[in-house]
Visitor: 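A single structure is presented below for examination.
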Amino acid sequence: MRISRAFSTARLAFNALGRYPGNMPTIRRLPEALVNRIAAGEVVERPAAALKEIVENAIDAGAGQIAVSLIEGGLSRIEVTDDGCGMDPAQMELALERHATSKLPDEAIELVSTLGFRGEALPSIGSVAKLTIESRPRDAEQGWRRVVDHGEVIEDGPAALPPGTRVRVEQLFAKVPARRKFLRTSRSEYAACHDVVRRLAMARPDIGFTFKHGERTIFSVQGGEGLENRVAQIVARELKDNGVAIDFEKYGMRLTGIAGLPTYNRGIADHQYLFVNGRPVKDRLLTGAVRGAYSDMLARDRHAVLALFLEIEPEAVDVNVHPAKTEVRFREAQNVRGFIVSALRNALSSEDRRSAQSPDAAAMGRWQQEPEQPAALRSIFEGRDWTAPQSRVSEPVQSWHGAGSDTLAMPQGRAEQAEEIAAEAADFPLGIARGQVANTYIVAESADGLVLVDQHAAHERLVLERLKAAGAEDAVSRSQALLMPDVVEMDESDCDRLEEQIETLSTHGLVIERFGPSAMLVRAMPHSLKNGDPNALLTDIADDLAKNGEALLLGERLDLVLATMACHGSVRAGRTLTVAEMNALLREMERTPRSGQCNHGRPTWVKLSMDDVEKLFGRH
């Protein structure tokens with residue numbers, strides 16, 4: 001009985017919708033208000049999306065100063081004020097109509113050079129919120145105000161304001177409860193808005209930005225301060241000291257920006273800012289290029305910190321992929337990827353012996369604390385004649401007893417007879433070895449400070465670079481033929497992607513061929529992965545191709561094998577080194593590319609300047 005009743009209810013519902021067999025569906029035009037709300041769902045999904053469109057309009061209007069103010073993360077109010085060209089009443093009325101824009105003087109949409117061009121933002125926002133626009137052209141005696149409340153014009157008249165435009169968005173989705181309930185907390189919405197303003201402010205260092213949340217000023221930057229300073233101010237001030245400037249031009253493309261040293265990294269990729277022709281984008285190809293450039297310098301769970309600005313001919317990139325305009329498509333994607341990888345690697349190679357010099361604040365704080373002397377240690381010092389000559393060399397002892405019965409920990413520092421500083425010592429950036437601590441860290445004296453070197457991490461990088469220079473990559477990628485070829489069943493689209501990359505994959509030692517519409521035949525595996533699972537390997541590579549457009553994964557796996565070989569072949573922590581061995585290691589680090597970081601992105605050396613040493617002892 002219940003099943004029959006449910007079926008009857010479903011049949012009535014289908015009949016009402018005109019979808020039940022036997023009834024022809026009726027096609028009708030949707031009301032304009034509903035069309036605008038549907039379109040708004042693509043453009044205005046949250047306060048950050050509305051804010052992005054309004055700030056982009058201000059930039060396109062030629063503003064030199066933009067002020068952004070939020071209340072409750074934009075849920076209650078968004079206000080953007082600029083000193084751009086402004087609009088007269090007729091232009092303002094037209095700007096609130098769908099697909100009306102001043103940014104496409106002709107129909108060449110492939111040559112668009114402005115951030116906005118679709119003419120959808122303002123009418124979309126006005127259909128789901130209370131939108132107030134006040135604007136005044138520079139040559140007008142007064143401004144004009146127009147207020148639209150969820151699609152209805154409720155006010156239209158003169159307004160007093162300086163030249164420019166002020167846009168206010170209130171009550172977002174107040175009359176669309178189905179959308180309002182999907183918004184997050186004010187804290188989450190604020191974080192998204194902050195990210196939007198930060199990216200747009202980085203894209204245009206020539207424009208001044210002020211960003212406020214409630215009564216608090218989040219940041220305020222002046223225009224014309226330069227790209228490096230703008231990025232450092234907005235992303236992280238230490239990035240300027242721990243990054244390298246990029247300015248690379250080739251094939252009609254130019255890449256500028258700042259890239260953090262591999263040792264200056266994060267656990268998530270939220271500090272990677274990518275721009276194409278001044279437009280903030282989140283593009284998988286660009287993200288994959290960054291990962292490829294840092295592939296043998298960072299652990300897989302660490303991410304570089306950088307801001308990259310790609311300039312390319314407008315016809316070589318399609319920005320009309322999605323109404324939100326955060327996605328782009330390149331006409332020659334592989335060339336773009338190769339260009340970015342080359343530019344990043346060239347920039348990093350110029351500073352590859354540097355290491356991020358930002359010691360942990362808590363660790364430095366412990367240096368400055370005067371430790372309390374244990375009673376046993378005090379008894380040794382109190383009964384000793386300090387006027388007698390002291391030896392410069394510490395001889396290791398088996399145990400160290402004080403007056404009491406407690407045994408102190410054996411000193412772990414070790415030094416040999418100190419050598420005179422050579423005349424050419426100033427030419428050694430990492431200085432002259434003075435000793436070894438815990439049989440792990442080399443202590444060196446440079447011309448301007450104290451250098452500590454992690455001997456295992458440093459030698460690990462040196463061994464990896466030797467393997468690469470000696471052609472070990474070819475040895476690692478040598479093929480190992482399978483006794484019985486393995487057939488891997490896959491989706492046809494994945495097989496198509498793999499088939500296009502057969503030649504590239506063979507250079508890494510993976511020999512495959514097409515085996516019917518939805519299968520691949522694996523004839524040989526890379527020698528270093530000979531015991532791997534062909535099914536899992538091909539599945540991962542196919543996913544990588546779908547995500548990045550290129551098989552990055554196999555190359556990274558081979559790099560991982562090289563790194564593992566280097567790790568096992570390097571000097572281990574805990575091994576005693578002579579002073580000569582220490583100095584030889586330091587000199588080789590100074591000659592070796594990327595010696596500032598180990599294969600996992602950790603620093604191989606840190607430096608404490610003499611000024612800092614003297615501060616620890618109160619001399620400054």
Side-chain angles (χ1 to χ4, degrees), residues 13 16-18 26-58 68-81 87 89 91-101 116 118-135 144-157 159 161 165-197 212-214 322-326:
L17 292 172
T26 301
I27 300 175
R28 66 186 182 93
R29 290 187 176 89
L30 296 177
E32 184 177 356
L34 182 57
V35 170
N36 287 338
R37 289 187 180 181
I38 292 174
E42 296 180 323
V43 180
V44 189
E45 57 182 13
R46 61 191 307 186
L51 177 61
K52 172 181 176 292
E53 298 291 345
I54 297 170
V55 176
E56 286 182 349
N57 281 343
V68 179
S69 176
L70 304 178
I71 294 182
E72 293 186 13
L75 294 173
S76 294
R77 192 180 75 186
I78 299 170
E79 183 171 300
V80 178
T81 305
M87 296 179 287
Q91 289 177 319
M92 189 183 299
E93 181 179 1
L94 194 58
L96 290 168
E97 294 184 9
R98 287 180 55 77
H99 304 302
T101 180
R118 299 172 65 101
E120 293 181 302
L122 291 179
S124 295
I125 296 171
S127 66
V128 293
K130 181 180 179 182
L131 175 66
T132 302
I133 302 179
E134 299 172 299
S135 189
W144 197 262
R145 176 191 292 114
R146 192 175 182 88
V147 183
V148 179
D149 189 1
H150 290 79
E152 296 183 6
V153 179
I154 61 174
E155 185 178 345
D156 195 18
L161 75 159
T165 302
R166 180 165 54 234
V167 180
R168 186 182 303 113
V169 179
E170 301 169 289
Q171 304 170 21
L172 185 64
F173 298 132
K175 297 183 180 180
V176 192
R179 296 292 303 277
R180 180 81 180 184
K181 69 179 182 180
F182 282 102
L183 295 178
R184 300 183 180 180
T185 63
S186 60
R187 186 186 298 271
S188 297
E189 298 299 342
Y190 158 72
C193 291
H194 187 194
D195 185 63
V196 164
V197 180
K212 293 184 177 181
H213 186 215
H322 189 274
K325 304 187 294 296
T326 57

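Fair warning: this is a prediction, and the values are worked out from it, not measured in the lab.
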Visitor: What heavy-atom pair brings Pro123 and Ala95 nearest, and what distance separates the two atoms?
Guide: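 Between these two residues, the closest heavy atoms are CD-O, 3.7 Å.
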Visitor: Is any side-chain heavy atom of Asn57 closer than 4.5 Å to one of Val167?
Guide: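 They are not in contact (no side-chain heavy atoms under 4.5 Å apart), so the answer is no.
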Visitor: Would Arg146 and Asp156 pass as an ion pair if we require N to O under 4.0 Å?
Guide: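 Salt bridge between Arg146 and Asp156, a charged N being under 4.0 Å from a carboxylate O: yes.
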Visitor: Which one of Arg77, Arg46, Arg184 satisfies the salt bridge (charged side-chain N to carboxylate O under 4.0 Å, His left out) criterion with Glu189?
Guide: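 Of Arg77, Arg46, Arg184, salt bridge (charged side-chain N to carboxylate O under 4.0 Å, His left out) with Glu189 is met by Arg46 alone.
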Visitor: I need the minimum non-hydrogen distance between Val169 and Ala129, along with the two atoms involved.
Guide: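 Taking Val169 first and Ala129 second, the nearest heavy atoms are CG1-CB, 3.8 Å.
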Visitor: Kindly compute the distance separating CD (Glu152) from NZ (Lys130), expressed to the nearest 0.5 Å.
Guide: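 It is 13.0 Å, given to the nearest 0.5 Å.
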Visitor: Of all heavy-atom pairs between Ser127 and Ser124, which one has the smallest distance, and what is that distance?
Guide: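 Closest pair (atom of Ser127, atom of Ser124, distance): OG-O, 2.7 Å.
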Visitor: Drop me the distance from Leu75's CG to Leu183's CG, to the nearest 0.5 angstrom.
Guide: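 These two atoms lie 6.0 Å from each other.
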Visitor: Applying side-chain contact (heavy atoms from CB on, under 4.5 Å), name anything that partners Val196, two or more places apart in sequence or on another chain.
Guide: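 So Val196 forms a side-chain contact (heavy atoms from CB on, under 4.5 Å) with Ala48, Lys52, Leu200.
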Visitor: Enter the distance from His213:NE2 to Ser186:OG here, rounded to the nearest 0.5 Å.
Guide: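 Separation between the atoms: 6.5 Å.
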Visitor: So how far is it from Glu93 CD to Trp144 CH2, rounded to the nearest 0.5 Å?
Guide: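 Going from CD on Glu93 over to CH2 on Trp144, the span is 10.5 Å.
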Visitor: Measure from the side-chain N and O atoms of Arg180 to the backbone N and O of Leu172, and report whether any donor-acceptor pair falls under 3.5 Å.
Guide: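 The answer is yes, because a donor-acceptor pair under 3.5 Å joins these two groups.
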Visitor: Would you give the length of the straight line joining atom CG of Leu131 to atom CZ of Arg168, rounded to the nearest 0.5 angstrom?
Guide: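 Nearest 0.5 Å value for the CG-CZ distance: 10.0 Å.
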Visitor: Among residues at least two apart in sequence or on other chains, which ones pass side-chain hydrogen bond (donor to acceptor under 3.5 Å, both in side chains) with Asp195?
Guide: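 Once residues adjacent in sequence are excluded, the partners of Asp195 under the side-chain hydrogen bond (donor to acceptor under 3.5 Å, both in side chains) criterion are Arg199.
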Visitor: Identify the two heavy atoms, one from Cys193 and one from Leu70, that lie closest to each other, and give their separation to 0.1 Å.
Guide: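 Heavy-atom minimum between the residues: CB-CD1, 3.5 Å.
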Visitor: Which heavy atom of Ile78 sits nearest a heavy atom of Pro47, and at what distance?
Guide: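 Scanning both residues, the minimum pair turns out to be CD1-O, 3.6 Å.
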Visitor: Is a side-chain donor or acceptor of Ser135 paired with a backbone partner of Met87 at a separation under 3.5 angstrom?
Guide: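 Side chain of Ser135 to backbone of Met87: a pair is present.
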Visitor: Locate the shortest heavy-atom distance separating Ser76 from Glu72; write the atom from each residue and the value.
Guide: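 Heavy atoms of Ser76 and Glu72 come nearest at OG-OE1, 3.0 Å.
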Visitor: Output the distance between atom OG1 (Thr81) and atom CG (Leu161), rounded to the nearest 0.5 Å.
Guide: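 With rounding to 0.5 Å, OG1 (Thr81) is 9.0 Å from CG (Leu161).
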Visitor: Any side-chain to backbone donor/acceptor pair from His150 onto Val128? Under 3.5 Å, distance only.
Guide: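 Side chain of His150 to backbone of Val128: a pair is present.
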Visitor: Tell me, yes or no, whether the heavy-atom count around Glu155 atom CD, taken from other residues, nucleotides or ligands under 6.0 Å, exceeds 12.
Guide: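 For Glu155, atom CD is crowded (more than 12 foreign heavy atoms under 6.0 Å).
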